[in-house]
Number of protein chains: 2
Amino acid sequence: MNVDDGIARWRRVADGIRTLAAESDADGGLLPSEAALAERFGVNRHTVRRAIAALAAEGLVHTERGRGTFFRKLPGRLHYPIGTRTRFSENISRQAREPAGRLIQASVEPADARIAAALGLRIGAAVHRMETLHVADGMPLSVSTSWFSVERFPAIVAAYAETGSVSKALEAHGLVDYHRRETRVAAEHVSPADAAHLACPADAIVIVAESLNVDPEGQPMQRSRTRFAADRIELVFAT
Amino acid sequence: MNVDDGIARWRRVADGIRTLAAESDADGGLLPSEAALAERFGVNRHTVRRAIAALAAEGLVHTERGRGTFFRKLPGRLHYPIGTRTRFSENISRQAREPAGRLIQASVEPADARIAAALGLRIGAAVHRMETLHVADGMPLSVSTSWFSVERFPAIVAAYAETGSVSKALEAHGLVDYHRRETRVAAEHVSPADAAHLACPADAIVIVAESLNVDPEGQPMQRSRTRFAADRIELVFAT
DNA sequence: TTATATTTGTGCGTATGTATA
DNA sequence: CTATACATACGCACAAATATA
């Protein structure tokens, strides 16, 4: 535990304890004793005590003399299952009430090289670009940008605005089945515009999921880039 | 700049300079002078010099006497494909040279409720807990914590330490095939300990992937929690 | 109830690391 | 380079609160 990295030992111990909390997410759970933690991390008990003091100051744990130190409960994240047939409304409605998608902005633009390649169109072909916000229980969870071929889905924007659901909007175009081909997952700091829509602080984190949906014939028909508020949701990939 | 957070000033200055490098991603770019950096961060010039020395030691910058200090170029994000049969070594070795896993820390502990449930063991059963670091092309990409049943994989730690690969360590126990059942993906700010291992700034982001690997009979045998440096890698789920 | 072990809380001395002037 | 101030980390000892036999 002696690395000259400019980070104090009690800070690393505090983080180790934080990890324990993340791993064994028991509310009201009992931490190992200070002596046990000192041995586990290879530091003096005073160092453990300083780490615990820092965690207590930020409210993660509380200690009771003679009894021990206990975790406090962390606000849980919603689960967002992602499989081959992901539908926002269906996913979230099992965990929260009133799932809702709201249209923020829509436009028609020429496809750039990347969009054209993803959707199998010519560069410059007209595509709908739709910006949507997804809310559950009054809490914004994600904002998403989607691209659709104008030729194939001329009225997709109106249909989404009316139903608040991509799958229902696609049904209106006669497409009742589609599935997700690929999802790329990254994470970034939130952009100012997204922070406003998600009602989160300027230094918040978003999980960025880029995906491609294809119809039953394997033809790509929707490309999307969704930014999830990372403190409110986690993605679950079942394989 | 005087906060009692257990992080040395030269470390914060070093992280600040790293951020400068990320923003103005010009290869061979010139840093502000040491005096200018000292004033910008509100520290003594000696502290700036120590920060630069640390960055030079890890290869991010190089200094030329009388001329100044210069950035080196940063690489783009690697892709990390995740499917039912993910292997770190195989994935990364197609894009980078010398993939390597290094054992950071290992211990045997009793399984808490969560680990026991995940691995199908009794609460309190002995499990190996293994902390590993994964590097490609000399750049740390992820740190991972894994849990294995001690009864089933008594020598897993030694086997990993020798081979630097989980799949090879499992082969040594006669398990040649396994697959990933579920992956949960979240994103957080990096913990100080992980930041030290990943050599990234204190305000960096990690993608947290929790997964469960099962053997051909469907029996869970490895639970892991991997933190990826979000600025170096993106996860790709093929469905 | 008492007795004992466990756990947290406190004090003090010493050595080393960090940051400034 | 030295000098100074402060933070960090350790080791030991003991007191106070709690749990348990």
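Letters A, B, ... mirror the listed sequences (proteins, then strands); counts begin at 1. Quick caveat, the model's predicted, so the values are computed rather than measured.
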For L30(A) and dT6(C), what is the distance between atoms CG and P respectively, to the nearest whole Å? 15 Å
Protein-nucleotide distance (R65(A), atom CZ; dA16(D), atom P), rounded to Å: 8 Å
Which whole-number value in Å describes the distance from E34(A) CD to dA15(D) C1'? 14 Å
Please work out which of the three classes, parallel, tilted or perpendicular, describes the rings of H189(B) and H189(A), given edges at 30° and 60°. tilted
As a test of reading the structure: which of dT20(C), dT8(C), dA19(C) is closest to the side chain of V43(B), going by heavy atoms? dT20(C)
Output the rounded distance in Å from CG (L37(A)) to P (dT6(C)). 16 Å
If the threshold is 4.0 Å, N to carboxylate O, is there a salt bridge linking E210(A) and R114(A)? yes
For the side chain of N44(B), starting at C-beta, report the closest nucleotide among dA21(C), dC10(D), dA19(C). dA21(C)
Of R11(B) and L31(A), the one whose nearest nucleotide on DNA chain C sits closer to the 5' end is L31(A)
Under-4.0 Å side-chain N/O to phosphate OP1/OP2 contact, T47(B) with dT20(C): yes
Is it the case that dG11(C) (base atoms only) and H46(A) (side chain only) share a donor and an acceptor within less than 3.5 Å, ignoring hydrogens and angles? yes
Does R50(B) get its side chain close enough to the base of dG17(C), under 3.5 Å, for a donor-acceptor pair? no
Taking the six-membered ring for Trp, are the ring centroids of H128(B) and F148(B) within less than 6.0 Å of each other? no
Measuring from the side chain of A8(A) (C-beta onward, heavy atoms only), which nucleotide among dA15(D), dA19(C), dA9(D) has the closest atom? dA9(D)
Report the distance from atom CD of E39(A) to atom P of dT6(C), rounded to the nearest whole Å. 14 Å
Closest to the 5' end of DNA chain D, once E64(A) and R45(A) are matched to their nearest nucleotides, is R45(A)
Regarding R227(B) and E131(B), does a basic nitrogen lie under 4.0 Å from an acidic carboxylate oxygen? yes
What is the distance, rounded to the nearest whole Å, between atom CH2 of W10(A) and atom P of dA7(D)? 12 Å
It should be established whether R9(B) places a side-chain nitrogen or oxygen under 4.0 Å from OP1 or OP2 of nucleotide dA7(D). no
Using a cut-off of strictly less than 4.0 Å, decide whether T69(A) has a side-chain nitrogen or oxygen near OP1 or OP2 of dT8(C). yes
Is Q219(B) atom CD crowded by more than 12 heavy atoms from other residues, nucleotides or ligands, each under 6.0 Å away? yes
OP1 or OP2 of dA19(D) versus the side-chain N and O atoms of R67(A): is any pair under 4.0 Å? yes
